[in-house]
Asks: 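Attaching a single structure in C-alpha cells format; questions to follow.
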Amino acid sequence: MAKKPSIAKGTRDFTPSEVVKRNYIFDIIKKNFQIFGFQPIETPSFENSDTLMGKYGEEGDRLIFKILNSGDYLRKVDDVLYNSKDSSKITSKISEKALRYDLTVPFARYVVMHQNEIDFPFKRFQIQPVWRADRPQKGRFREFFQCDADVVGSDSLLQEVEFVQLYDAVFSDLKLNGVTIKMNNRKILAGIAEVIGAKDNLIDFTVALDKLDKIGEEGVKKEMLEKGISEASIEKASPLFNLTGTNSEQLDALQTLLTASEQGAKGVEELRFIIETISALGLQTAKLAIDVTLARGLNYYTGAIFEVAAPEGVKMGSIGGGGRYDDLTGIFGLKDVSGVGISFGLDRIYLVLEELDLFPEAIDQSLKVLFMNLGEKEAFESLKLITILRKNRIKADLYPDSAKNQKQENKQFKFAKNKNVPFIVIIGEEEFKNNTFTVKNIEKGSQQTYSCDKVEEFVKEL
RNA sequence: GUGGUUGUAGCUCAGCUGGUUAGAGCGUCGGUUUGUGGUACCGAAAGUCGCCGGUUCGAACCCGGUCUUCCACCCCA
C-alpha cells in the first residue's frame with residue numbers, strides 16, 4: 001500500500017452531511033444579503049503580493065500565505081541577498097503572489113479598478129474562502145470562508161443601522177437566538193487616548209483595552225504600563241474599566257469623559273445615533289450592546305466597529321465582525337470613498353449551531369423514499385413510480401442491486417436506516433401481481449399498501 | 001512566531017515501572033432466522049502502535065527530530 005494520505009494543517013474535508021449543513025448557513029446568509037439589496041462579486045483566490053502586504057499590520061504580513069514564483073525563482077536572488085538570510089527581503093524576490101487573507105482588501109482593490117463602472121453607493125456581498133498561515137485551534141482554520149457585505153460610497157450612518165438589522169435578520173433566520181452585537185467606535189477610542197494623554201499609543205492602548213474581559217482590569221493596566229503608557233494616563237482611563245448600565249447610560253458617561261475631545265465627542269454622537277435608531281426600529285432576536293473595550297485588530301477601521309458574540313454559554317470567539325473604514329481605497333489611490341461592512345464567520349457559526357443542535361432535523365436526509373429491489377421485474381415497476389415521485393420533486397431512489405436472499409434484503413433495510421430514509425417502498429411478488437406497492441414508514445413502523453394507479457395518494461402523505 | 005498537549009484496528013479508547021503471538025466496545029463482513037431493518041446468538045477479517053532516527057539483549061512504552069491534534073500566548077472569522 002502507498003503511504004497514508006493526509007491533508008494540510010488547518011484544512012478540512014467536508015462530508016456530505018457537513019456540506020449540506022454549511023450550505024444551509026450559506027443560503028440563509030446569501031438570501032438576506034440579497035433581500036438587503038447587496039450584489040454578489042467574486043475576486044481571485046490570489047492577488048499580487050503588494051495588494052495584500054502591509055494592509056493588515058506586521059502580524060498580518062506574517063500570516064499571509066505567499067506563493068512561490070514559477071520557474072527557476074532563485075536565479076533572481078543574488079549571492080549577497082541569499083547569504084543575508086533576510087527572509088522578508090528574499091521573499092519579495094521569490095514570491096510575487098499571495099493567497100487572499102480576507103475579502104475586504106481585495107474588495108477595495110476591486111472598487112478602485114472598477115470605479116468607472118460602479119454606481120455608488122455600491123452594496124456588494126462576497127462569499128469565498130480566505131487563507132491564513134495561523135496556528136489552528138478550535139474554530140480557527142488556515143482555510144475558511146468569509147461571508148462579507150460592504151457598502152462603499154456613503155457616509156450615512158444609516159448603513160451602520162442597516163448592518164445591525166442584517167446581523168439580526170441572519171441570526172434570527174438561523175434560529176440562533178441571543179447573539180450580542182457589540183458596537184464601538186474608533187473615534188471614541190481615539191478620543192479616549194487623546195483625553196488621557198496617550199494619543200501616540202493609540203494602537204497599544206486599544207489592543208490592551210480589548211483584552212479586558214480576558215485578563216481583567218489589572219492585567220490591562222499592566223500591559224498598558226509595559227507599552228509605555230504613563231500611570232497618570234491609565235488612571236484617567238480607569239472609568240472605562242467599570243462602564244456599566246444601559247446603552248444610553250454608557251453613552252452619557254462617555255460623553256462626559258470625552259467633552260474635551262472633538263473626535264471623541266463625534267464618535268459618541270455617531271454611536272448614539274445608531275443605538276437610538278435601532279432602539280426605535282427594534283430587533284428580532286439579537287441584542288445590541290455598547291462595548292468600549294471592543295477594538296479589533298484591523299487598523300483600517302475609522303468609525304463604527306462591530307463584533308458578534310455567540311449566545312452566552314457557548315465557548316467560541318466572535319462569529320462575525322466589521323466596521324467602517326474611511327480610507328481603505330485611499331491605499332489604492334481612490335480618495336474620499338467611505339466604506340462600511342460586516343463579515344460572518346461561517347465555520348464558527350457552524351460549530352455554534354452544531355453545539356446548540358440548531359440545524360433543522362431532516363437537513364441531512366438525502367433521500368425521502370427508497371425502493372427496495374426484490375427482483376428485476378419488480379425493480380422495473382419501481383422505476384415507473386420513482387419517475388413520478390421525482391417529477392413531484394421528491395427525493396426518491398431505487399436500491400440498484402436485486403436482493404437474491406434474505407441477507408441481501410436485510411442489507412437494503414440497513415442501508416435505508418443508515419441513510420435516515422423515512423419511507424421504504426416494497427414491491428415484491430405479491431405487490432407486483434396486484435399492481436400495488438407497500439410503503440413502510442420507518443419512524444412509525446407502520447405499513448400501508450397503495451394501488452400503483454394512485455401514486456398521488458402516497459405523494460400527499462409525504 | 002513562543003510555550004504546552006495529543007497521535008494505538010473504519011470509529012471511541014485500554015495497554016501497569018520497556019520483556020515473549022498489541023486488546024475491548026461499536027462498526028464492517030460471514031453464518032443461523034426461507035417477504036421486513038433497528039433487538040438476539042455464533043464466527044471472521046482488520047493495526048509497519050503518526051513518521052524518521054537513537055538508547056537497549058529487547059520499545060507502543062525511554063530520548064531526539066518531524067508531522068498532526070487540541071490548548072494558552074500572539075492575533076483573529
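Chain letters run A, B, ... following the sequence lines, proteins first, then strands; residues in each count from 1.
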Asks: Could you state the atom-to-atom distance from CH2 of A/W131 to C1' of B/C75 in whole Å?
Replies: 20 Å

Asks: Given pairs defined as Watson-Crick or G-U wobble with both distances under 3.5 Å, what dot-bracket annotation applies to RNA chain B, with ( ) intrastrand, [ ] crossing, | other strand and . unpaired?
Replies: ((((..(..((((.....[...)))).((((.........)))).....(((((..]....))))))..))))....

Asks: Heavy atoms under 4.0 Å, any strand shown: does A/I349 hit a base, just sugar-phosphate, or nothing?
Replies: nothing

Asks: Got A/L356 and A/P311 here, is their nearest side-chain heavy-atom distance under 4.5 Å?
Replies: yes

Asks: Roughly how many Å apart are B/C49 and B/A72, using the P atom of each and rounding to a whole number?
Replies: 32 Å

Asks: Using the C1' atom on both, measure B/C13 against B/U6 and round to a whole Å.
Replies: 14 Å

Asks: Taking atom C1' in both B/U56 and B/C67, what distance in whole Å separates the two?
Replies: 26 Å

Asks: Remember a base hit wins even if backbone is also touched, and classify A/E58 as base, sugar-phosphate or nothing at under 4.0 Å, heavy atoms.
Replies: nothing

Asks: Applying a 4.0 Å non-hydrogen cut-off, can you work out what A/G10 is touching in the nucleic acid: base, sugar-phosphate, or nothing?
Replies: sugar-phosphate

Asks: Expressed as a whole number of angstroms, how long is the span from A/D210:CG to B/C74:P?
Replies: 10 Å

Asks: At what distance, to the nearest 0.5 angstrom, does CD1 of A/I426 lie from CG of A/N373?
Replies: 12.5 Å

Asks: Please list, pair by pair, any protein nitrogen or oxygen found under 3.5 Å from a nitrogen or oxygen in nucleotides 27-29 of chain B.
Replies:
none

Asks: Does A/K211 reach a base, just sugar-phosphate, or nothing at all? Heavy atoms under 4.0 Å.
Replies: sugar-phosphate

Asks: Heavy-atom contacts under 4.0 Å between residues 132-148 of chain A and RNA chain B, which residues?
Replies: A/R132, A/D134, A/R135, A/Q137, A/K138, A/G139, A/R140, A/F141, A/F144, A/Q146

Asks: Give one of base, sugar-phosphate or nothing for A/L346, where a contact means two heavy atoms less than 4.0 Å apart.
Replies: nothing

Asks: Distance alone, cut at 3.5 Å: any donor-acceptor contact between the side chains of A/D148 and A/Q126?
Replies: no

Asks: What is the distance, rounded to the nearest whole Å, between atom CG of A/D213 and atom P of B/C76?
Replies: 14 Å

Asks: Expressed as a whole number of Å, how far does the P atom of B/U2 sit from that of B/G7?
Replies: 23 Å

Asks: Quick check for you: among B/C75, B/U36, B/G35, whose closest atom lies nearest to any side-chain atom of A/E429?
Replies: B/G35

Asks: Is the A/F163 to A/F38 ring centre distance short of 6.0 Å?
Replies: yes

Asks: Measure the distance from CD on A/E409 to P on B/U33 and round it to the nearest whole Å.
Replies: 15 Å

Asks: From OH of A/Y101 over to P of B/C75, roughly how many Å is that when rounded to an integer?
Replies: 11 Å

Asks: Is the gap between the ring centers of A/Y350 and A/F145 under 6.0 Å?
Replies: no

Asks: Assert yes or no for the condition that the ring centre distance of A/F437 to A/F458 is strictly below 6.0 Å.
Replies: yes

Asks: Taking the six-membered ring of A/F141, is the NZ or CZ of A/R12 close enough (under 6.0 Å from the centre) and on axis enough (within 45°)?
Replies: yes

Asks: Between A/A8 and A/K440, just flag the one whose closest nucleotide in RNA chain B comes earlier from the 5' side.
Replies: A/K440

Asks: Answer yes or no for A/R124 and A/F107: cation-pi contact, defined as NZ/CZ to six-membered ring centre under 6.0 Å and angle to ring axis within 45°.
Replies: yes

Asks: Figure out the CG/P separation between A/D13 and B/U69, and round it to whole Å.
Replies: 12 Å

Asks: Kindly determine whether A/C452 and A/L385 satisfy side-chain contact (heavy atoms from CB on, under 4.5 Å), including the steps that lead there.
Replies: CA-CA 8 Å; A/C452 284; A/L385 298 179; 4.3 Å; yes

Asks: Under 3.5 Å, is there a donor-acceptor pair linking the side chains of A/T449 and A/T438?
Replies: yes

Asks: Considering heavy-atom distances to RNA chain B, does A/T11 or A/G60 have its closest nucleotide positioned more toward the 5' end?
Replies: A/T11

Asks: Hey, does the Lys NZ or Arg CZ of A/R324 hover above the aromatic six-ring of A/Y301, less than 6.0 Å from the centre and inside 45° of the axis?
Replies: no

Asks: Nearest whole Å is fine: how far is B/U36 P from A/E378 CD?
Replies: 16 Å

Asks: Are A/F415 and A/Y399 close enough that their ring centres sit under 6.0 Å apart?
Replies: yes

Asks: Backbone N or O of A/E223 within a donor-acceptor pair of the A/K211 side chain at under 3.5 Å?
Replies: no

Asks: When only distance counts, do a donor and an acceptor, one from the side chain of A/Q412 and one from the base of B/G35, lie under 3.5 Å apart?
Replies: no

Asks: Find the distance A/M372:CE to B/G37:P and express it as a whole number of Å.
Replies: 10 Å

